Amino acid sequence: MASGLVANNLNLKPGECLRVRGEVAPNAKSFVLNLGKDENNVGLHFNPRFNVYGDINTIVCNSKNDGTWGTEQRESDFPFQPGTVTEVCISLDQADLTIKLPDDYTFKFPNRLNLEVVDYLAVEGDFKIKCMTFE
C-alpha cells in the first residue's frame with residue numbers, strides 16, 4: 001500500500017472531531033487512516049476494503065500496541081464508492097473512538113490504548129486528502 005500523508009502533534013482531545021475529506025481513487029482496492037500516539041501505537045486502524053485480502057466492501061478496524069496488532073473488528077455497512085469524494089469524522093473519548101461515515105452511519109471502536117489524546121495520523125492507500133478540520 002502506498003504511503004501518504006503523515007501528521008504528528010495533532011493534539012486531538014476528547015470531545016473534538018477530526019474530519020477528513022478526500023477522494024477515493026476510481027480503481028480503489030483499500031485505504032487506511034491510522035490514528036494514535038505513533039506508528040507503533042495506533043488506537044484506530046481504519047481500513048475500508050473495496051476488494052483486497054479476500055474482503056469485499058468491508059471496513060476492518062484494529063489497534064496496534066507497541067507494534068503488536070490486536071483483534072480485528074469488521075463492519076459490514078460500507079458507504080464508500082470508488083471515484084467519489086467522501087468524509088470521515090473520528091472523535092475520541094475515554095472508552096471509545098466514534099467513527100461517523102457518509103449516509104449517517106456511525107459506529108464505535110474501543111479505546112484499547114486508553115488514549116487521552118490523538119497525536120498521530122497516517123493515511124495510506126487509494127485515498128487523497130482534500131481537507132482536514134478539527135471541530
Side-chain angles (χ1 to χ4, degrees):
M1 199 171 290
S3 184
L5 173 82
V6 175
N8 292 295
N9 303 314
L10 292 178
N11 200 28
L12 179 71
K13 295 180 178 147
E16 297 176 334
C17 170
L18 171 63
R19 188 175 302 275
V20 179
R21 197 169 94 219
E23 185 175 346
V24 179
N27 58 350
K29 291 189 183 335
S30 77
F31 67 90
V32 171
L33 303 177
N34 284 329
L35 288 94
K37 183 178 174 186
D38 54 41
E39 67 181 299
N40 289 312
N41 295 283
V42 175
L44 174 65
H45 170 80
F46 175 79
N47 181 203
R49 297 178 179 178
F50 294 85
N51 188 0
V52 70
Y53 308 124
D55 291 313
I56 297 173
N57 294 347
T58 302
I59 298 170
V60 177
C61 295
N62 205 341
S63 60
K64 190 190 319 184
N65 192 357
D66 289 329
T68 302
W69 288 107
T71 303
E72 290 182 344
Q73 173 179 313
R74 292 171 182 270
E75 300 292 326
S76 57
D77 284 324
F78 196 82
F80 301 108
Q81 296 292 324
T84 63
V85 173
T86 192
E87 193 170 88
V88 178
C89 179
I90 300 168
S91 56
L92 166 75
D93 68 33
Q94 188 172 357
D96 301 297
L97 290 109
T98 301
I99 301 97
K100 295 179 184 174
L101 303 176
D103 302 329
D104 292 326
Y105 180 62
T106 300
F107 69 95
K108 293 184 180 289
F109 184 78
N111 185 358
R112 295 176 180 168
L113 304 187
N114 297 312
L115 295 171
E116 295 179 7
V117 66
V118 170
D119 278 327
Y120 172 82
L121 168 69
V123 181
E124 301 171 358
D126 303 320
F127 184 75
K128 182 179 178 183
I129 288 192
K130 298 286 190 185
C131 179
M132 262 182 15
T133 59
F134 297 89
E135 301 174 355

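Because the structure is predicted, anything quoted here is derived from the model rather than measured.
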Inter-residue atom distance [X].[atom1] - [Y].[atom2], 0.5 Å rounding:
X: L12; Y: C17; atom1: CG; atom2: SG; answer: 8.0 Å
X: W69; Y: K64; atom1: CH2; atom2: NZ; answer: 4.5 Å
X: E116; Y: Q94; atom1: CD; atom2: CD; answer: 8.0 Å

Exercise: identify the closest heavy-atom pair between [X] and [Y]:
X: G43; Y: S63; value: O-CB, 3.8 Å
X: G36; Y: L115; value: CA-CD1, 3.9 Å
X: E124; Y: N34; value: OE2-ND2, 4.3 Å
X: L121; Y: M132; value: CD2-SD, 3.3 Å

Whether the side chain of [X] engages the backbone of [Y] through a donor-acceptor N/O pair (distance < 3.5 Å, no angle test) should be reported.
X: N40; Y: D66; result: no
X: N111; Y: N114; result: yes
X: R49; Y: G54; result: no
X: D38; Y: N41; result: yes
X: D93; Y: G15; result: no

Item to complete: Using the ring-ring contact (aromatic ring centres under 6.0 Å, His included) rule, collect all pairs that involve residues 109-135, keeping only residues at least two apart or in two chains.
Response: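 Found F31-F127.
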Worksheet item: Quick one: disulfide bond (SG atoms under 2.5 Å apart) pairs with a partner in residues 99-135, sequence neighbours left out?
Response: none
Fill in: side chain to side chain contact (heavy atoms under 4.5 Å, CB included) against N51, all qualifying residues, sequence neighbours excluded
I56
Fill in: Greater than 12 external heavy atoms within 6.0 Å of E135's CD
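Buried by this count: over 12 neighbours within 6.0 Å.
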Worksheet entry | Listed partners of K13 passing salt bridge (charged side-chain N to carboxylate O under 4.0 Å, His left out), at least two apart | none
Worksheet item: side-chain hydrogen bond (donor to acceptor under 3.5 Å, both in side chains) with N62: which of H45, R112, R74?
Response: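 One option only clears the test, and that one is R112.
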Give every donor-acceptor pair under 3.5 Å between a side-chain atom in residues 79-92 and any protein atom, sequence neighbours left out.
unit_1: T84; atom_1: OG1; unit_2: Q81; atom_2: O; d: 2.6
unit_1: E87; atom_1: OE1; unit_2: R19; atom_2: NH1; d: 2.8

Less than 4.5 Å apart, side chain to side chain, heavy atoms only: is that true for [X] and [Y]?
X: C61; Y: N47; value: no
X: L35; Y: L18; value: yes
X: R21; Y: T133; value: no

Side-chain atoms of residues 96-107: list all donor-acceptor pairs with protein atoms under 3.5 Å, sequence neighbours left out, distances to 0.1 Å.
unit_1: T98; atom_1: OG1; unit_2: K108; atom_2: NZ; d: 2.9
unit_1: Y105; atom_1: OH; unit_2: E75; atom_2: OE1; d: 2.6

